[in-house]
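See structure below.
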Amino acid sequence: MITVESAWAKYPGYVIGLVPLVGIGRAYAGGILVAESDHCLRVRESEHREQLYFPREHVNPNLILESPHRTTCPFKGVASHASVHAGGSVFENAMWWYPDPMAEVAGLAGYVAFYLDRLEVTASVPFGDGDGDGDEATVRLPMWGTAAELAHLMDAEPDGAGGFTAPTFPEPRLGSFFPMAWHEERRNVIEGGQLLGAAIVAAAKARPDQQVSSAHMGFLKAASFDEPLHVALDARRLGSTLSAFDVRIEQAGALRATGLVMTDAGAGDLIRHTVAMPDVPPPSECPRHDFGVLGRETRVVDGAYAQTAPVGPPELFVWTRFTEAPAEAALH
């Protein structure tokens, strides 16, 4: 009998969150559907990539081969394994579960997961508008996170000292307890759009009676996910119809970006009237691009997005839609 010593007492800040997936999880082996469920769990564990766990009863039993293989986890317990056979191939020990999970993760009982380097696992969230040629936004695991979590990164909150603070991701940050190999693989640099977004949200909250009408940002030094962002607003003008804010964004005591954000009481919907609609194919004729954000669908005209872009005009046309919009006006 295999036993494992619990590590919960040694790492009191360690987190394993079991979050119901509001959508559908699917697992494929060689293109064959192995599991499908609308009762999956998103398992978010400190230091680890997110995993999707499926109710055991939603796995096709005809594709499962029991295995004597066992592994141990000091936070979850002893894991049993099974292989998956599909399409004439056997995916060795591709599925695991915890028959008797530790008390801290008792909710894992009855759920199974699949190794992402052996099977394809996806998560899909339905759209409520019924537009387009599909009713779901789908990402392949491992995923970055959800659209709501992306918005949360830019949700700068008042810090009590006249400024605003935007959070880290994830929390606790990677490496808080012990390092793992995949930590070195990630690009620990915040996109410029996140800094600009935090500035826009801060200005919108500073003048909730006005709408942001323009925003300009200069990116001076790279910022990381590991430290909070401090957004300082210096009101150049506070008017009844027009306001202007000088913005400074700092992280770990270093200046990362500066900019100017203007708000206007009479500003209209800038998305629809500022720039003319380009002559591009409809979303249904553009390929999806998976950026790993659940709840957001992105389609790039002509599939032109690439990490190494060809020489040409510095311009991309992109269709984007979300399964839901934030309720708060500053984030919306």
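Sequential numbering from 1 along the given sequence is applied to the chain's residues.
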Passing candidate, side-chain contact (heavy atoms from CB on, under 4.5 Å) with Tyr28, options Val121, Val34, Thr122: Thr122

Looking at CG of Leu18 and CZ of Arg44, how far apart are the two atoms once the value is rounded to the nearest 0.5 Å? 12.0 Å

Here the gap from Leu153 atom CG to Ile190 atom CD1, rounded to the nearest 0.5 Å, amounts to 7.5 Å

Does atom CG of Asp209 have more than 12 heavy-atom neighbours from other groups under 6.0 Å away? yes

Exceeds 12 heavy-atom contacts within 6.0 angstrom, atom CG of Asp279: no

Once rounded to the nearest 0.5 Å, what's the spacing between atom CD of Glu324 and atom CZ of Arg296? 14.0 Å

Does the distance from a Lys or Arg side-chain N to an Asp or Glu carboxylate O, for Arg248 and Asp246, drop under 4.0 Å? no

Can you tell me if His69 has over 12 outside heavy atoms packed within less than 6.0 Å of its NE2? yes

Taking all atoms of both residues into account, what is the closest heavy-atom pair of Pro74 and Val4, and its distance? CA-CG2, 4.0 Å

Side chains of Ser243 and Gln210: any donor to acceptor distance under 3.5 Å? yes

Does Tyr305 have any ring pair (Phe, Tyr, Trp, His ring centres under 6.0 Å) partners at least two apart in sequence or in another chain, and if so, which? His289, Phe291

Is there a side-chain contact (heavy atoms from CB on, under 4.5 Å) between Leu52 and Leu41 once you walk through the steps? CA-CA 6 Å; Leu52 201 62; Leu41 291 177; over 6 Å; no

Are Tyr111 and Val105 close enough, and set up right, to give a side-chain contact (heavy atoms from CB on, under 4.5 Å), and what steps lead you there? CA-CA 11 Å; Tyr111 285 82; Val105 289; over 6 Å; no

Is the ring pair His48/Phe178 parallel, tilted or perpendicular, if the boundaries are 30 and 60 degrees? perpendicular

When rounded to the nearest 0.5 Å, the distance separating NE2 of His230 from CZ of Arg256 is 10.5 Å

Quick one: pull up CG in Asn188 and CZ in Arg173 and give me the separation to the nearest 0.5 Å. 9.5 Å

So which atom in Tyr98 and which in Gly77 form the shortest heavy-atom distance, rounded to 0.1 Å? CE2-O, 3.5 Å

Using side-chain contact (heavy atoms from CB on, under 4.5 Å), reason through Met95 and Ile64 one step at a time and then give a plain yes or no. CA-CA 9 Å; Met95 186 178 86; Ile64 303 304; 4.0 Å; yes

Could you walk me through whether Val247 and Val231 pass side-chain contact (heavy atoms from CB on, under 4.5 Å), step by step? CA-CA 7 Å; Val247 182; Val231 184; 3.9 Å; yes

Just by distance, no angles: are the side chains of His81 and Tyr115 close enough, under 3.5 Å, to form a donor-acceptor pair? yes

Please verify the inter-ring angle class for Tyr11 with Phe75; under 30° counts as parallel, over 60° as perpendicular, anything in between as tilted. tilted

Quick one: pull up CZ in Arg49 and CD in Glu185 and give me the separation to the nearest 0.5 Å. 5.0 Å

Tyr14 versus Glu45, side-chain donor and acceptor atoms under 3.5 Å: yes

Would you say Phe91 and Trp96 are hydrophobically clustered, going by side-chain heavy atoms of ILVMFWY under 4.5 Å? no

Between Ala82 and Ser67, the two heavy atoms sitting closest are CA-CB, 4.1 Å

Looking at the rings of Trp144 and Phe169, which for Trp means the six-membered one, are their centres under 6.0 Å apart? yes

